Amino acid sequence: MRVFLCEKPSQGKDIARVLGAGQRSNGCYSGAGVVVTWCIGHLVEAVPPEGYGEQYKRWAIEQLPILPERWRVEPKAATAAQFKLVQQLVARAGELVIATDADREGEMIAREIIDLCGYRGPIQRLWLSALNDASIRTALAKLRPSAETLPMHYSAPPRSRAAWLVGMNLSRLFT
């Protein structure tokens, strides 16, 4: 089964329509040998400071700066059901197609979920910036190898982590 991992439900709906995956289920569309699902924007988030140790539950200047040794992400409580569905679909996938937004953040969203799900099979990248039928068909005919967009994924986490470090540490410092 080929699983398309989109960023938003509307994006999934447009891609599913072009693929002929018209059977709507909760959290996905399916058709012959294909499933289209989505991340509802972000299914996972950076672990907050208290996730790195009990001592961070209480805000104290003596604990600053908070510098995680190993960065972690975890499923968001608000979207846990969709994450579970994506996890089940990815586990059954014979091939995965990253169909998130064609940018650094879209790449990071997909790759974090793929890593959390432990998927190790073949991955391709659907690269498109417009969601009209003609653009989707053109992009489907030119699926890219995932290695081609992997550098975008490598560039996204440092930016996200820098924002976490500044936000978490300065919020606590100034509070």
Side-chain angles (χ1 to χ4, degrees), residues 3-13 15 25-29 35-93 96-121 123-129 131 146-175:
V3 174
F4 284 76
L5 184 58
C6 299
E7 197 162 329
K8 304 171 213 53
S10 59
Q11 187 181 41
K13 182 179 181 180
I15 292 169
S25 299
N26 191 20
C28 67
Y29 289 91
V35 175
V36 180
T37 191
W38 43 85
C39 303
I40 316 173
H42 299 268
L43 289 178
V44 299
E45 62 188 352
V47 170
E50 52 275 10
Y52 290 102
E54 289 290 316
Q55 71 274 24
Y56 298 124
K57 284 187 176 184
R58 186 174 82 50
W59 290 26
I61 198 163
E62 300 80 28
Q63 299 166 343
L64 300 178
I66 301 168
L67 303 168
E69 286 184 32
R70 187 177 156 271
W71 291 93
R72 298 184 353 241
V73 294
E74 60 186 15
K76 292 170 88 172
T79 56
Q82 182 66 17
F83 177 79
K84 186 175 180 181
L85 172 70
V86 168
Q87 195 174 33
Q88 291 168 350
L89 293 171
V90 167
R92 293 184 6 231
L96 193 60
V97 178
I98 297 173
T100 52
D101 289 352
D103 58 22
R104 187 173 35 211
E105 186 178 352
E107 195 72 19
M108 185 176 83
I109 288 168
R111 300 287 181 157
E112 285 180 339
I113 290 168
I114 291 166
D115 287 346
L116 272 179
C117 292
Y119 180 77
R120 299 288 176 249
I123 302 172
Q124 293 190 308
R125 184 61 156 104
L126 179 67
W127 196 260
L128 62 119
S129 55
L131 289 171
S146 70
E148 198 174 296
T149 58
L150 194 55
M152 289 183 76
H153 167 61
Y154 292 142
S155 71
R159 182 176 166 194
S160 174
R161 291 170 184 165
W164 188 98
L165 287 168
V166 170
M168 296 299 175
N169 285 294
L170 290 182
S171 292
R172 288 172 182 233
L173 176 67
F174 291 123
T175 299

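Counting begins at 1 with the first residue of the sequence. Just so you know, these numbers come straight off a predicted model, no measurement behind them.
At least one donor-acceptor pair under 3.5 Å links the side chain of Gln11 to the backbone N or O of Lys8. Counting only distance, with no hydrogens or angles, the side chain of Arg125 and the backbone of Thr100 share a donor-acceptor pair below 3.5 Å.
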Let me check something: any side-chain donor-acceptor pairs from residues 65-80 under 3.5 Å, sequence neighbours excluded? List them with distances.
unit_1: Arg72; atom_1: NH1; unit_2: Gly51; atom_2: O; d: 3.2
unit_1: Arg72; atom_1: NH2; unit_2: Gly51; atom_2: O; d: 3.1

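Proximity of Leu5 to Val97: side-chain heavy atoms (C-beta onward) are nowhere separated by under 4.5 Å. A heavy-atom distance below 4.5 Å is found between the side chains of Ile15 and Cys6. You'll find the side chain of Met108 stays beyond 4.5 Å of the side chain of His42, heavy atoms only.
With sequence neighbours left out, Tyr29 forms a ring pair (Phe, Tyr, Trp, His ring centres under 6.0 Å) with Trp38. Listed by chain and number, the residues in a side-chain contact (heavy atoms from CB on, under 4.5 Å) with Ala93 are Val3, Tyr119 (sequence neighbours excluded). With sequence neighbours excluded, the residues that form a side-chain hydrogen bond (donor to acceptor under 3.5 Å, both in side chains) with Gln82 are Thr37. In this structure Arg104 satisfies the side-chain hydrogen bond (donor to acceptor under 3.5 Å, both in side chains) test with no other residue, sequence neighbours excluded. Applying the side-chain hydrogen bond (donor to acceptor under 3.5 Å, both in side chains) test to Ser160 and every residue at least two apart in sequence or in another chain returns nothing. With sequence neighbours left out, Gln87 forms a side-chain hydrogen bond (donor to acceptor under 3.5 Å, both in side chains) with no residue at all. Every residue two or more places apart in sequence or in another chain was checked for a side-chain contact (heavy atoms from CB on, under 4.5 Å) with Ala147, and none qualifies. By the salt bridge (charged side-chain N to carboxylate O under 4.0 Å, His left out) test, Glu45 is found to be paired with no residue, residues two or more places apart in sequence or in another chain being considered.
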Q: Dump the intermediate steps for side-chain contact (heavy atoms from CB on, under 4.5 Å) on Thr149 and Arg111, then the final yes or no.
A: CA-CA 11 Å; Thr149 58; Arg111 300 287 181 157; 3.6 Å; yes
Q.
As a quick check of understanding, evaluate side-chain contact (heavy atoms from CB on, under 4.5 Å) for Ile123 and Ile98, giving each step before the final call.
A. CA-CA 7 Å; Ile123 302 172; Ile98 297 173; 3.8 Å; yes
Q) Stepwise, does the side-chain contact (heavy atoms from CB on, under 4.5 Å) test hold for Leu89 with Cys28? A) CA-CA 9 Å; Leu89 293 171; Cys28 67; 4.2 Å; yes
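Scanning all heavy atoms of the two residues, the minimum distance from Trp164 to Ala46 falls at CD1-CB, 3.7 Å. Trp59 approaches Tyr56 most closely through the heavy-atom pair CD1-O, 4.2 Å. Contact detail for Cys117 and Val90: the closest heavy-atom pair is CB-CG1, 3.8 Å. Closest heavy-atom contact between Asp101 and Glu7: N-OE1, 2.9 Å. Listed here is the closest heavy atom pair of Cys39 and Ile113: SG-CD1, 3.3 Å. Here the closest heavy-atom approach between residue Leu165 and residue Asn169 is recorded as O-ND2, 2.9 Å.
Considering CG of Leu131 and OG of Ser10, their distance stands at 7.0 Å, rounded to 0.5 Å. How far CZ of Arg120 is from CG of Leu96: 12.0 Å, rounded to the nearest 0.5 Å.
Residue pairs meeting the salt bridge (charged side-chain N to carboxylate O under 4.0 Å, His left out) criterion with at least one member in residues 158-175, sequence neighbours excluded: Glu50-Arg172.
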